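Just the heavy atoms: all of them, side chains too, but no hydrogens, waters or symmetry mates, feed the values below. Sequence lines set the chain letters: A, B, ... in the order given, protein chains first and strands last, and positions in each chain run from 1. Small disclaimer: the values here were computed from a predicted structure and weren't measured.
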Number of protein chains: 2
Amino acid sequence: MAAARVRSGGRPTLEEVAARAGVGRGTASRVINGSPRVSDATRQAVEAAVAELGYVPNRAARALAGNRTDAIALVVPEPETRFFAEPYFSAIVRGVGAALADTEMQLLLTLVGNDRERRRLAQYLTAHRVDGVLLVAVHADDPLPELLEQLGMPCVISGARHAAEPLPSVDSDNFEGARAAVEHLVSRGRHRVATITGRLEVYGAQRRLDGYRAAISAAGLAPDERLIAPADFTEEGGAAAMRDLLARRPDLDAVFVASDVMAAGARQVLREADRRIPEDVALVGFDDSVVARHMHPPLTSVRQPIEEMGRRMAQLLLDEIAGRTPGDERPSVVLPTELVVRDSS
Amino acid sequence: MAAARVRSGGRPTLEEVAARAGVGRGTASRVINGSPRVSDATRQAVEAAVAELGYVPNRAARALAGNRTDAIALVVPEPETRFFAEPYFSAIVRGVGAALADTEMQLLLTLVGNDRERRRLAQYLTAHRVDGVLLVAVHADDPLPELLEQLGMPCVISGARHAAEPLPSVDSDNFEGARAAVEHLVSRGRHRVATITGRLEVYGAQRRLDGYRAAISAAGLAPDERLIAPADFTEEGGAAAMRDLLARRPDLDAVFVASDVMAAGARQVLREADRRIPEDVALVGFDDSVVARHMHPPLTSVRQPIEEMGRRMAQLLLDEIAGRTPGDERPSVVLPTELVVRDSS
DNA sequence: CAGGGTATTGGGAGCGCTCCCAAATGGGGT
DNA sequence: ACCCCATTTGGGAGCGCTCCCAATACCCTG
């Protein structure tokens, strides 16, 4: 009873569908692909045959004949563990998945770890095994984007690499998010607001710092470089930076931290230094990760619409694949952030 | 300068490689696919040609001719947000990625949200667009595994659905993890140990409860159903269950919670009830998620080797695809857990 | 030295689809 | 009634590869 489904020739082919509908293979193909050059009667006949036979096009044959793959790759640099942490990875994937849901596009997940895998990826892409590429967490010095450009392979990156990003990109408004966070601290009466930054080679980290600076001067506060401590997006780095800050400006009354994870490190140091949060020092993070919600006290944080970013990336890529008109700007999307106020500020 | 790479015929084909090596197409194919029936001299000639031409096989052609795809799908039910949360999703993906790294296999990510997408997936699989499927977070009543079975599509699931799981599966030792956690609590002098369970239709949640029971009786403690509160893996559920427990047995001195997220909810309730952790009530969670590390106090938790689970799933699936010998048992792997002791116990 | 393997090799026959050209069909216009 | 053009249709020619059969070359036996 179980294996009775096997037909003479396996799955039905276009040829069989065409025969069943009493039309030629070409016509059947046209219907399947939604060409307008088919009469209504014919279309209906073919559609009926498709339904009766349960026909599903063979992807491999399509790819071979049509010289495309109907697949895009999401390339994730594995060393970038930050990206793998909540909330990034799953949110991006969900967004991309959502955008692709009513498309024929497949999503290929490609983790790039060591150099060997990097080369394999390059080979991969060179061999045109995908129609386009989604690149997340690319470093400014990554050769991959240029390679893709040369190959003419459509590509969208998340997070511009610098102010004049040539590639289509999707980013959250790091500047404005940081600015709003600091403004919020100032509005709560804090006047000695410090910041712990991410790795400043990362453009987004730089923009957050810019936003901090903008808010400080907009508030008419005196900028003080001793209130700025660079770190590296890690919990330990955040802790170290916090120690520096306390040493340099023991009188600080607020800290804007460029990531929740670093904020967790900072909070630990503040606790050891017996500073109460938020009474003595107000704290604001960035990312609105699960860490923020479960910190003690819950951390005010800047939320990025990450799932939406994934969705937009995918849409942008689909547009690129469909054909960017030469005259068009390379589209670059910047999405707004949202300040989630909790008890730490 | 940019688009000068385009060769006469695009990428080199097998035919061209064969010509360059001075052999026939069949022979070249044999070399590429590592057939032993080729002389050393010929093999070297072909390999040289491959290198010189930078030949990479065309996947679509291969798939069409060979009736396989060299791709597997990781199917993720999107409603199962629990799975998307840290640490599951990214860890599984990393593990799977690692296992596939030195394989020609591609990883297809398939999110299944609503029913429409479910049907599309079924169609997908029916059309044999992948060589095998990794199924995570399947419910006991999910029809998908049976469908795959019928289709003869190799498949591995994470988390057995019940004691007599017919499909190849990879799981962590939920029973032993829970047992060890409770034993740990008892060894710390706790004698009124409660538990908050996950949804008991989930086999893993049931096993954790079994482990709890085993440890209680092994310790010679009196089992008490009032110490057992069912919940649903959510933070709110954990909080509600904790309230119940406190109402029923105000004298409890420890709680084993079947997930960190529920533990977070429970902790909140304990704080409101002015119970100190761990002095008044010791707490142990499950998953060792990022929440556990950042809870206050840091939460003792049972760690599952999730990345390793992903790796094993992929390996199992590759074996299945390579051909399960009919006589073989369906392999089912159970990996050990590890108790990570922190300040909450 | 003949006979019967065995180890290699070449290349035909598709796999199922898209692309595209040529053929067939159906109206209008004059 | 005739011709021209737009619309619709059929099906040949591949896409690049694997499978497999037949051909060739080579090596032992007796």
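One can place CD of E104(B) at 11 Å from P of dT18(D), the figure rounded to the nearest angstrom. The distance between atom CZ of R62(B) and atom P of dT18(D), rounded to the nearest whole Å, is 5 Å. dG14(D) atom P lies 19 Å from atom CG of L14(B), rounded to whole Å. Atom pair L64(B):CG and dC17(C):C1' shows a separation of 8 Å (rounding to whole Å applied). Separating the CG atom of N58(B) from the P atom of dC17(C) is a distance of 17 Å, rounded to the nearest angstrom. Look at CG on N67(B): it is 16 Å from P on dG14(C), rounded to the nearest Å. If you take CZ of R59(A) and P of dC17(C), they are 13 Å apart, rounded to a whole angstrom.
Between the side chain of D171(B) and the main chain of A160(B), a donor-acceptor pair closer than 3.5 Å is present. Checked by atom type and distance alone, the side chain of T126(B) pairs as donor or acceptor with a backbone atom of A122(B) at under 3.5 Å.
Side-chain atoms of N114(A) and R120(A) include no donor-acceptor pair closer than 3.5 Å.
Note that the CG atom of L107(A) and the CG atom of L108(B) stand 7.5 Å from one another [nearest 0.5 Å]. From I72(A), atom CD1 reaches atom CE of M153(A) across 11.5 Å, with rounding to the nearest 0.5 Å. Taking CD of E117(B) as the start and CD of E78(B) as the end, the distance is 7.0 Å to the nearest 0.5 Å.
Listed pair N33(A) / dT18(C) meets the phosphate criterion, a side-chain N or O lying under 4.0 Å from OP1 or OP2. S29(A) has no side-chain polar atom (N or O) that falls below the 4.0 Å cut-off from OP1 or OP2 of dC17(C).
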What string of B, S and - do you get for nucleotides 7-13 of chain C, 5' to 3', when a contact is any protein heavy atom under 4.0 Å? -BBBBBB

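Between its two ends, the helix from dC1(C)-dG30(D) to dT30(C)-dA1(D) turns its axis by 40°, counting five pairs per end and rounding to 10 degrees.
A salt bridge between R20(A) and E16(A) is absent, with no side-chain N of the basic residue lying under 4.0 Å from a carboxylate O of the acidic one. Using a cutoff of 4.0 Å between basic side-chain nitrogens and carboxylate oxygens, R129(B) and D70(A) are not scored as salt-bridged.
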Could you walk me through whether R118(A) and L144(A) satisfy the side-chain contact (heavy atoms from CB on, under 4.5 Å) test, starting with their C-alpha distance in whole Å, then the side-chain angles of each, then the deciding distance to 0.1 Å, before giving a yes or no? CA-CA 9 Å; R118(A) 252 200 126 57; L144(A) 214 48; 4.1 Å; yes

